[in-house]
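To start, the structure itself, in structure tokens.
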Protein chains: 2
Amino acid sequence: MNDQGGSITADDVAALAGVSRWTVNRAFKKDASISAKSREKVMKAAQELGYVPDLLATSLATDRTNLVALLVDDFANPHKLIMMERLTRILRRNGYDTLLVNTSDEEDASAALLNASQRRVDAAVLIGVSFNDQSLETALGAKRVKKLIVFARMSSNDNTISICCDDRAAMTAITQHVFSAGYRNPVFIAGPQSQSAHLQRKETFLSQWEKTTGSRPKFASVERYDPKLAYDLVAEWFRDTPKSELPDVLVCENDALAMGAIDAIRFELGLRVSEDIAVTGFDNAPQASSPHYELTTYRQPLTEMAEALVDVLEGRKRKSTLNAFQGQLIVRKSA
Amino acid sequence: MNDQGGSITADDVAALAGVSRWTVNRAFKKDASISAKSREKVMKAAQELGYVPDLLATSLATDRTNLVALLVDDFANPHKLIMMERLTRILRRNGYDTLLVNTSDEEDASAALLNASQRRVDAAVLIGVSFNDQSLETALGAKRVKKLIVFARMSSNDNTISICCDDRAAMTAITQHVFSAGYRNPVFIAGPQSQSAHLQRKETFLSQWEKTTGSRPKFASVERYDPKLAYDLVAEWFRDTPKSELPDVLVCENDALAMGAIDAIRFELGLRVSEDIAVTGFDNAPQASSPHYELTTYRQPLTEMAEALVDVLEGRKRKSTLNAFQGQLIVRKSA
DNA sequence: CAGAAATTTGCACGCGGGTGCAAAAAAATA
DNA sequence: TATTTTTTTGCACCCGCGTGCAAATTTCTG
């Protein structure tokens with residue numbers, strides 16, 4: 001059967017071009033030994049039939065899928081959209097497809113990883129936040145995921161590759177900005193305190209600030225990077241605090257929290273942002289530039305980081321160069 | 001070789017369990033004819049070895065991948081995150097995985113579809129906005145995508161299945177709300193005016209309003225569902241308009257536009273939302289409930305729609321029942 | 001133009017598992 | 001217990017393509 005009985009295979013093309021199936025396959029392979037003449041013949045026939053090599057069969061035969069699982073558990077943070085956009089775009093440009101795995105309602109990431117492994121993904125990339133050492137280890141136990149990569153976050157797990165910007169440098173820049181802008185009574189608002197895939201932001205801020213001023217700031221944390229949680233936290237914590245005892249700046253672990261905090265400052269406490277209490281974030285989410293927020297924040301070099309991810313997938317790139325990407329402090333009106 | 005030489009196959013399990021490979025496969029198949037005894041033996045051996053059936057091989061053999069391509073071209077709208085979350089969750093629960101395809105930088109959707117087809121996806125689901133008749137047709141020319149589904153949007157293309165809520169009913173509800181709240185001088189703000197995968201919202205609003213009041217409202221449209229574009233549109237259009245000639249309500253095609261519009265009203269025109277100009281949206285995006293926006297909007301029954309999508313994938317469900325999902329008007333302070 | 005060297009091409013077999021059918025085993029019947 | 005019926009199991013062959021090697025061509029020498 002030729003074209004209609006399902007899909008066109010290399011055999012169909014071979015028949016039309018008058019060569020063997022293997023020659024057809026070679027024509028589609030980058031650096032195969034094939035004469036220009038027969039490649040041309042094959043390509044013409046292929047085009048005529050609308051033939052395209054089947055990735056399933058290819059993957060099965062080569063044990064390489066060019067598929068990457070992207071594990072996401074945090075759909076409340078709009079910045080994730082930006083990350084997804086950047087990652088999918090750059091992966092695709094390098095020949096990889098992306099399997100989107102929602103891990104937000106599984107108590108454990110390993111089930112998700114197992115599932116991805118059944119599709120033989122070349123790597124699993126975590127841009128979620130609530131994976132901890134334990135689930136990573138369990139997942140790795142299955143051993144079928146060839147590479148496990150934590151994106152935009154540190155990981156202390158040795159079996160894991162982490163690609164992220166230099167959190168210390170970034171947070172130091174924020175700290176300096178906050179200090180030299182004259183703020184003296186900061187509070188740090190952190191996200192979930194997980195085990196392995198964590199950020200250095202809180203530690204860095206606290207220690208930097210202590211080094212500079214001699215006093216260690218207070219901090220609080222919420223369970224998820226959800227603006228609503230930050231809102232409630234700020235609202236409840238400061239509602240009955242006399243104005244003189246309020247912090248003069250809230251340093252937030254990311255923009256999602258910062259935006260929740262800003263809303264609370266305005267609508268719960270009835271105060272002005274930056275005049276009464278300043279706020280800083282992290283990520284430069286799309287909404288950060290909105291006139292409502294005008295958020296002072298830090299932009300990670302996502303494109304560069306995504307390209308490093310490709311390098312890791314292709315097996316080049318040393319592990320040591322992957323945690324020092326430099327981003328940029330973005331100063332707006334909120335602090 | 002047993003476990004370490006790569007992955008464990010059914011043969012390994014068969015050897016350990018003392019049965020043939022085919023018995024092992026049967027043990028993993030839902031309704032296969034196999035004795036309870038040998039299934040148990042197999043499962044024990046499988047567990048011991050950590051065997052899991054390979055989805056690549058299965059797909060190749062059965063011509064069914066349980067993979068769905070999700071095509072997204074609009075990463076500026078945070079509501080897309082919600083849709084992705086809902087879709088991936090429900091698809092996964094029904095045994096499907098999701099391939100995330102970013103079509104925002106391809107001039108044509110067909111390349112993306114072609115790519116997905118190489119992985120033999122069972123269906124392609126579009127939640128993007130800028131697909132038009134032509135690219136859909138081209139894509140279908142490739143014929144390798146078994147089903148093409150437009151989610152949360154109408155399509156006039158016959159080869160396409162569209163799953164969406166009853167836009168007419170929804171928009172009628174908004175129209176009635178706006179009218180009975182006393183607004184009399186509306187302007188409709190629409191997104192891109194594409195060919196096939198479009199919304200009925202604008203048409204419905206204009207005709208409903210005309211029917212009710214006798215006059216046809218003005219409208220404007222932007223090229224993408226991007227808050228910034230709506231911001232600029234509103235800012236420029238009304239900047240020099242005397243206050244008496246301003247509309248009293250902006251009816252927006254979705255929340256992304258509505259939020260941009262609100263920002264412009266406040267920060268460009270210096271007016272109050274709802275007192276001076278009211279605003280309505282559509283989607284009930286997460287930010288719609290933020291105290292900054294308090295957006296009156298309409299929530300689509302996403303879960304129900306996602307479940308209908310599964311029905312379509314499984315081949316049950318008639319086409320006629322797919323465009324009449326009923327959502328809910330959510331009244332907040334913006335209108 | 002013969003013979004050697006370099007290219008191309010064809011082919012058996014494998015990747016991991018599904019299908020239908022026939023042989024074997026177990027259960028039911030007489 | 002012998003026979004028939006039903007349930008299990010094993011097997012050949014297929015899904016579409018890649019790999020290594022040997023056979024067939026082509027190109028290069030002398």
Side-chain angles (χ1 to χ4, degrees), chain A residues 1-3 5-15 17-43 45-46 49-67 117-122 144 146, chain B residues 1-3 5-15 17-43 45-46 49-67 117-122 144 146:
Chain A
M1 58 213 73
N2 38 16
D3 63 41
S7 42
I8 302 101
T9 76
D11 282 307
D12 301 317
V13 179
V19 295
S20 72
R21 176 172 73 71
W22 294 274
T23 302
V24 173
N25 293 161
R26 283 199 186 86
F28 279 89
K29 204 181 159 193
K30 201 65 180 281
D31 41 299
S33 89
I34 186 179
S35 67
K37 208 190 319 176
S38 37
R39 169 168 269 151
E40 197 180 345
K41 259 197 308 188
V42 168
M43 287 317 211
L49 294 174
Y51 167 79
V52 175
D54 185 315
L55 250 34
L56 275 187
T58 305
S59 301
L60 183 59
T62 59
D63 197 36
R64 189 167 194 276
T65 52
N66 279 33
L67 230 202
S117 77
Q118 285 187 268
R119 299 215 183 255
R120 300 229 211 152
V121 295
D122 289 340
R144 311 237 309 179
K146 296 161 201 159
Chain B
M1 60 213 73
N2 36 20
D3 61 43
S7 42
I8 302 101
T9 76
D11 282 306
D12 301 317
V13 179
V19 296
S20 72
R21 175 172 76 71
W22 294 275
T23 303
V24 173
N25 293 160
R26 283 199 185 87
F28 279 88
K29 205 182 158 192
K30 203 65 180 276
D31 41 298
S33 89
I34 185 178
S35 67
K37 207 188 321 173
S38 38
R39 169 168 269 153
E40 198 180 344
K41 260 197 307 188
V42 168
M43 287 316 210
L49 295 173
Y51 167 79
V52 175
D54 186 313
L55 251 34
L56 276 186
T58 306
S59 300
L60 183 59
T62 60
D63 197 37
R64 190 166 193 278
T65 52
N66 278 38
L67 230 202
S117 77
Q118 285 188 269
R119 297 211 183 259
R120 301 226 211 155
V121 295
D122 289 340
R144 311 238 308 180
K146 296 161 200 159

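All values reported here derive from a predicted model rather than from experimental measurement. In what follows, chains carry the letters A, B, and so on, assigned in the order in which the sequence lines appear, proteins first and then strands, with residues in each chain numbered from 1.
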Exercise. Going through the distances and angles, do Leu67(A) and Arg120(A) end up as a side chain to side chain contact (heavy atoms under 4.5 Å, CB included)?
Worked result: CA-CA 8 Å; Leu67(A) 230 202; Arg120(A) 300 229 211 152; over 6 Å; no
Would you mind reading off the distance between [X] atom [atom1] and [N] atom [atom2], rounded to a whole angstrom?
X	N	atom1	atom2	answer
Lys41(A)	dT9(C)	NZ	C1'	11 Å
Asp63(B)	dG17(C)	CG	P	18 Å
Asp31(B)	dG18(C)	CG	C1'	13 Å
Lys30(B)	dG18(C)	NZ	C1'	18 Å
Asn66(A)	dG18(D)	CG	P	12 Å
Gln118(A)	dG16(C)	CD	P	14 Å

Exercise. Which is it for Lys146(B) and Asp63(B) under the side chain to side chain contact (heavy atoms under 4.5 Å, CB included) test, yes or no, and what are the steps along the way?
Worked result: CA-CA 11 Å; Lys146(B) 296 161 200 159; Asp63(B) 197 37; 4.3 Å; yes
Heavy atoms only: give me the nearest [X]-[Y] pair and the separation to one decimal.
X	Y	result
Val13(B)	Ala46(B)	CG1-N, 3.8 Å
Ala10(B)	Tyr51(B)	N-CE1, 3.4 Å
Gly50(B)	Ile8(B)	O-CD1, 4.2 Å
Arg39(B)	Arg26(B)	NH2-O, 3.4 Å

Problem set entry | Inter-residue atom distance Arg119(B).CZ - Ser59(A).OG, 0.5 Å rounding |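 Interatomic distance, Arg119(B) CZ to Ser59(A) OG, rounded to 0.5 Å: 5.5 Å.
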Exercise. Could you state the interatomic distance from CG (Asn66(B)) to CG (Leu55(B)), rounded to the nearest 0.5 Å?
Worked result: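 Spacing of CG (Asn66(B)) from CG (Leu55(B)) equals 7.0 Å.
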Exercise. Quick one: the side chain of Trp22(B) and the base of dT8(D), do they pair up donor-acceptor inside 3.5 Å?
Worked result: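 Absent.
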Exercise. Does the base of dG18(D) carry an N or O that pairs as donor and acceptor with the side chain of Arg26(A) under 3.5 Å?
Worked result: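 Checked by distance alone, the answer is no.
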Would one find a side-chain N or O of [X] under 4.0 angstrom from OP1 or OP2 of [N]?
X	N	value
Lys37(A)	dT8(C)	no
Thr23(A)	dG10(C)	yes
Ser35(B)	dT9(D)	yes

Exercise. NA contact type, Ser38(A), heavy-atom cut-off 4.0 Å: base, sugar-phosphate, or nothing?
Worked result: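 Ser38(A): backbone/sugar contact only, no base atoms under 4.0 Å.
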For this session: Please report how far the helix from dC1(C)-dG30(D) to dA30(C)-dT1(D) bends, comparing the axis fitted to its first five pairs with the axis fitted to its last five, to the nearest 10 degrees.
Result: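 Between the axes fitted at each end of the helix from dC1(C)-dG30(D) to dA30(C)-dT1(D) lies an angle of 30°.
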Collect all protein-nucleotide pairs involving nucleotides 14-17 of chain D in which both atoms are nitrogen or oxygen and the distance is under 3.5 Å.
from    : atom 1 : to       : atom 2 : distance (Å)
dC17(D) : OP1    : Tyr51(A) : OH     : 2.7
dC17(D) : OP1    : Asp54(A) : N      : 3.2
dC17(D) : OP2    : Ala10(A) : N      : 2.9
dC17(D) : N4     : Arg21(A) : NH2    : 3.4

Exercise. In this structure, which one of Val19(A), Val24(A), Thr23(A), Asn25(A) forms a side chain to side chain contact (heavy atoms under 4.5 Å, CB included) with Ile34(A)?
Worked result: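 Testing each of Val19(A), Val24(A), Thr23(A), Asn25(A) against Ile34(A), the sole residue satisfying side chain to side chain contact (heavy atoms under 4.5 Å, CB included) is Thr23(A).
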